[in-house]
Q: 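Take a look at this one; I'll ask things after.
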Amino acid sequence: MMLLFKAGKFIKVKVFVYGDHYLSTASTRGCSVWNCLGTTRKKAKEMALLRLDQALNEVKKEMDRVIEREDYSVYHEKK
């Protein structure tokens, strides 16, 4: 587990071995992404951070929900 401080927010990143790939998750206080795959630990971490950034840029704060995408999932928490 890594704890990063980026753009004024704490981001928790976890990377797991998943067969011959790596699976990662990233979360802030109100948003989480998971099922981010990469061929190396670094690529999996970068993919999770990229997906988290994309999720935070979407304005979907009206309800609690899980959004299933093609290759990752996003959880938005109601504020």
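Residue indices begin at 1 and follow the sequence shown. Values reported hereafter were calculated over all heavy atoms of this structure, with side chains retained and with hydrogens, waters and symmetry mates removed. None of the values given here were measured: they were computed from a predicted structure.
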Q: Grab the two heavy atoms, one from Y18 and one from L23, that are nearest each other, plus how far apart they are.
A: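 Shortest heavy-atom separation between Y18 and L23 comes out as CB-CB, 3.9 Å.
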Q: Rounded to the nearest 0.5 Å, what separates atom OG in S24 from atom CD in E46?
A: 10.0 Å
Q: Just verifying a value: how many Å separate Y22 OH and T39 OG1, rounded to the nearest 0.5 Å?
A: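 So the gap between those two atoms works out to 9.5 Å.
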Q: Atom CG of N35 and atom CE of M47: how far apart are they, to the nearest 0.5 Å?
A: 12.5 Å
Q: Return the CG to CZ distance between D53 and R51, rounded to the nearest 0.5 Å.
A: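 Atom-to-atom, D53:CG and R51:CZ are 11.5 Å apart.
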Q: Taking all atoms of both residues into account, what is the closest heavy-atom pair of C31 and A55, and its distance?
A: SG-CB, 3.8 Å
Q: By the definition side chain to side chain contact (heavy atoms under 4.5 Å, CB included), identify the one residue from T28, L3, L4 that meets it with F10.
A: L3
Q: Who pairs with A26 by side chain to side chain contact (heavy atoms under 4.5 Å, CB included), at least two apart in sequence or on another chain?
A: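 Applying side chain to side chain contact (heavy atoms under 4.5 Å, CB included) to A26 gives I11, V13, V33, A48, L52.
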Q: Among all residues two or more places apart in sequence or in another chain, which pass the side chain to side chain contact (heavy atoms under 4.5 Å, CB included) test with K14?
A: M1, K12, F16, T25
